[in-house]
Each structure stands twice: as structure tokens, then as C-alpha cells.
Amino acid sequence: MKKMKLTKYIITLMTALLVMGMTSNSVLATKFPVEYDNHKKVKKGGTLRVGYVHDGVFKGVFADVLSVDGPTTDVAQFGNYSLFKPNNDYTYSKDGLAQVSFNNAEKTATVKIKKNAGWSDGHPLEAKDIEYTYKVVANSATNSGSYNAQLRKVVGIEDYHAGKTDKISGLEVKDLKTMVIHFTDMEPEMKFPNAGFIVSSLLPYHYLKDVPFDKLASSDKVQKDPLFYGPFKIKNMVRGQSVSWVPNEYYGGKRPNVSKINIEMVSSGQAAAAMRANKYDILLNESGGTYKKVRNLQQYAVLGVKEKYYSYVGFKVGHANKEGLSVMDRKTPVQDRVLRQAMGYALNMDQLSKKFDAGLYYRANTVVPDAFGKYNDHKAKGYTLDLKKANKLLDKAGYKLQKNGYRTLPNGKKFSLKLLSEGGNSSDERAMIQNYLEQWKKIGVKVELKDGRLQEFNSYIEQLVNDGKGFDVWLSNWAVPMPPTTSVAGNYMPSDPYNFAHFVTKENTELIESLSSKKAFNDKYQLKQFYKWQEYMNKEAYIVPRQFRYSTYVFSKKLTNISLKPKESYNLWENIAFTK
């Protein structure tokens, strides 16, 4: 399902591992190991102690298609597996709990579930569960955030969503374990798991069928006594605080090596001390500040993967009309491409990335995270620090420098720009924002914080999402799901609510549409067009990429069989083991 969240976005370890991995076509050389094996004999059993860094509680809606918070998804990862295992190029493999095959001529996908895959109560995992999960997502009463444009490609799903029918006509249950899904048309992105066309995390029809859709998310069967088909099931739980997991004897894969997993919330202020005291065998959702404190502890191995993430500077050039379509009509200095480019060349992201956040961030060369491998145009340079070039651009365009150190517009009028940014969680973040203002001052562009201050997070989100007024520039970031093409580029279509800049050009729209065209079933053509789009985005600079980043994970050296590679990581929790 396509779930995109602004800032504060928390990616589950399992989801992250399934879609990340290190790549050879990268902007930065591999920085962290992605595997750990202590080369000792495996010891069966043992309790795995996991700390999850979070200054709060998890909400506990144990249904992925209904969950609204990252921590719950993270906590549930030991039992809530994806149906599909990826290949190392992120396409569907044949080794997961289910296989999928496509027939483009008939516009169908056939999903076959493994014979021995079962729910933690002993009931088999069935095609009816796939059908039921589609119904949950598409039913208006559940208000699922996973009902998206991709799902609407399923035949009959919109009639079901509108309440015109109680069935989704495009879902054909062939037998107990086989589902055929009929689509209105096929798209190249369907080859990727988690692209949104095929549900990958199921709900148990036999267990939940009697729960009204509008009561489902709040029911005890979802929050208190959920079922799972992954390698573990819940034994007991302290709501919002901790969960104990034991092996699911009906799991369709091999039995896990460890006999129990305890995961609990640990505050960011206590995480490092807890690791120094050997309280946990694994630390998840580690911040840069915690990483700096634990990276040299001898009893732990630190592994890392590149996130599918990018931060950026955005320039607001329009508004959304009553139909929700972006209109590029705002009278603002940032309508000028030269000004946007100059502000991009004024950023010193290489230097900032080395100075702050323990080096876990690095300069982005396009808006496509290089964790996507070949889909990032690794030949693109992006915006490196070049004050001479920035000043030359502005001089040539007629932005005259005044005695006060600031420039006037080409028409001779004074101007200043307003920057929207949240308050930042750390002194490092605030120092970086201040640095941006100072860098822009060096090229004579006056940028001031909106309302003279950094914004409270919820207010910042409200202004950004709801087309707030009074700012020209903003800072934000995206965590990007699969697939790499439409999940990134799709945000910048005229109809997309995430096109916060509201920029609309014919060339941009045509390039994005080409990524999902019939020609794009040819991988070489699609990649060529995707590179063209990245080049176009860098040139136009409505969105200037700032940074990519790594996620780090801390594992005790008592453990073995650890791999963060995309394909191998699918079975991480059943493979991981203590050693003798």
C-alpha cells in the first residue's frame, strides 16, 4: 500500500529491509556492513530482547491496512509478514508465502498461497483472506488510508467502495489457495511487491467476518487478540508499551531459531544507557544521536542500509483549486527558475552532512533516493555548493546587489522570502536551518522564517498539507515506498495532493505519464524516461533535493544469521539465532 508521511516518518525494520539494500550504482560508497555472522555454532532457543526507540506508545491497531502509526507496524513485524518475498532487484520472487504471476493480455494477476501457510489459530491462509482484505481496504466505513489509485485498477472495486454492490467483481476465488485479480488495465509498476495493486498483508476472514467494518479497527480481535501468519504470534502484551512473541506453529516457513522475542519501547534519552547496560540484544529505530553513543560499544555490531528517503527545499509557485488540481499562478519571486537554481547552488549539503547527524546523512543528487539502485540517475550531480555560480546566475538575470548585502528583483524592487519549517527535534536540525538562511544571505537573497519562528510540528503539517498562505519556501522530506517511478514522480502531477509546490508544466506531466505508458513495459525505455525526468526536475528546481540517509541497526555479537539484503532479510526473524 502506498503510505507516505511527512517528516517523523518511521519505517518498520522489515518493510525497510524488504525494499532497501545497498547498491553499486550509488552516490556514496557503501558505508555500513549489511550482514553479520560471528561464525559460531547456532544455539536453538533463547529470548531475543529488542528495544524500540520511541518517545511515546504504539497505538496497537494490528491490521496493516488500518494502522495509522509506524510504531505499531514496527512492533508487529515479527508476525505480520508480507505475502511476497522480493528479489534483490525488488521484483516478485517465488520464495515467499505466496507467488504471483501476471497475464498482461488478460489483464490479470494470479496469486497462489503456499499450501502449509496458516494463521496462528491453526486455520489455513486462504484466497478468501485476500478477497476480505480488499473489501476492508475499499469499504468506506473503514476509512483505510490504503485505498488508493492503484487499488482502483481492480475491476469493480469503485462500485463496491460507493456501496453499489457487496462484492468486488474483479476478485475471482479459483480455489482454496488461488485468487485471480482482474484489472481495468495493466501498468509496468505491477512487477513490484508493495506497489499497491496487490494487497501484501492479509486479514483473517474466518476470524473477523462478523465484526462490522466501522468497528474493525477498535475491536479486541484487532487490538487485543490479533491473529498472525508470520513466524511469531503474540503471547502477551502491555498495551502501548511492550509485546512478547512466541513461534507460530502454523507458519508456512521454517520454525524460528529463537524461542521468544520481547520488544519494548525505550525513550530516546534512555536508549544509549540501556545498550551500555546490555539490556537489549537489538536496537531498532535508532536516531543519529543514539547511534553516536552506541557505535563504539564492543559487544554490538552496527549494520546499516540506505533509506528510501530524501529531504528537500520546496518552492511554492501556485495553489490547489476547488477540484484539488494544482494551478501555477502565484505571484512570487520564486516563479523565476534562475532564483531557484541560485538558492540550490548556495546550499552546502556536503559540509553539513559531515558535520551533523553522525554522518548518517549525505547529499542527494536527485529526488530519487539512491537506495533504489539503478533508478537513481547516479550520473546526475544535483546541487553542489557553488556560490560563484549562484552569484553569476543572479547577476546575469538582473538581481542587483545593494549596499545592505541583499539583492533587488530585476525590476528594481526589494524582496524577501518566507521560509516554512518545523521546529526541529535537535540543536543540529536548528543549526542546519540557520545555516540555510546564512548561505542564502551570501548570495544576497533575503530569507526569513515565516512568523519569525520555526513552526510547531502539527501547525507546520496543517499549513503544508492544506495549502497554507504566507510562505514561499519550505523544508520537508519524504519516505518513499515502492515502486521507484510513480511513488516519487507521481507526487508532482497536477492532480496529486502531495504536489505542495503546485507546479504544473506540460513537459513534467508528459514525462511522468510516460513512466506508466505501454512503452514503459520495456525496462530500458522506462529507465531512460525516468532519468530524463530527474534531469528535468534538477534543471527546473521547483524541488531542490538536500539529503539521503542511512538507517542503522544494532545487533548483539552473540547473534548470527543476520542479513539486511533485500531477499535474505525477508526471513530475518526465523533465521536469526544465538550462538554457543
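Residues: numbered from 1 along the sequence shown. Excluded from the calculations below are hydrogen atoms, water molecules and symmetry mates; all remaining heavy atoms, backbone and side chain alike, are included. Keep in mind the model is a prediction, meaning the values are calculated, not measured.
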Give a yes or no on whether a salt bridge exists between Lys567 and Asp95, defined as a side-chain N under 4.0 angstrom from a carboxylate O. yes
Run through Glu462, Glu456, Gln455 and flag the one making a side-chain contact (heavy atoms from CB on, under 4.5 Å) with Asn458. Glu456
Have a look at Trp245 and tell me which of Trp573, Tyr251, Phe228 forms a ring-ring contact (aromatic ring centres under 6.0 Å, His included) with it. Phe228
With no hydrogens and no angle check, do the side chains of Glu264 and Ser242 hold a donor and an acceptor under 3.5 Å apart? no
Does this structure show an ion pair linking Asp89 with Lys374, if we count only N-O contacts that are shorter than 4.0 Å? no
Which of Lys557, Lys558, Arg49, Gln299 passes side chain to side chain donor-acceptor pair (under 3.5 Å) with Asp281? Answer is Arg49
Do Thr290 and Leu283 have side-chain heavy atoms sitting under 4.5 Å apart? yes
Check step by step if side-chain hydrogen bond (donor to acceptor under 3.5 Å, both in side chains) holds for Tyr300 and Arg276. CA-CA 10 Å; Tyr300 295 106; Arg276 284 195 294 269; over 6 Å; no
Does either side chain, that of Asn257 or that of Asn575, offer a donor lying less than 3.5 Å from an acceptor on the other one? no
I'd like to know if the side chain of Lys355 reaches the main chain of Met432, judged simply by a donor and an acceptor atom lying under 3.5 Å from each other, with no hydrogens or angles considered. no
Please check if the side chain of Thr133 supplies one atom and the backbone of Asp129 the other of a donor-acceptor pair under 3.5 Å. yes
Lys/Arg-Asp/Glu bridge criterion (N-O < 4.0 Å) met for Asp370, Lys306: yes
Spell out, as yes or no, whether a donor-acceptor pair under 3.5 Å connects the side chain of Asn248 to the backbone of Pro231. no
Using a strict threshold of under 4.0 Å (side-chain N to carboxylate O), is an ion pair present between Lys153 and Glu189? no
From CA spacing to verdict: side-chain contact (heavy atoms from CB on, under 4.5 Å), Val305, Tyr553: CA-CA 9 Å; Val305 289; Tyr553 306 97; 3.9 Å; yes
Indicate yes or no: does Glu574 engage Arg255 in a salt bridge with an N to O separation below 4.0 Å. no
Taking atom types as modelled and ignoring hydrogens, do the side chains of His206 and Asp121 form a donor-acceptor contact shorter than 3.5 angstrom? yes
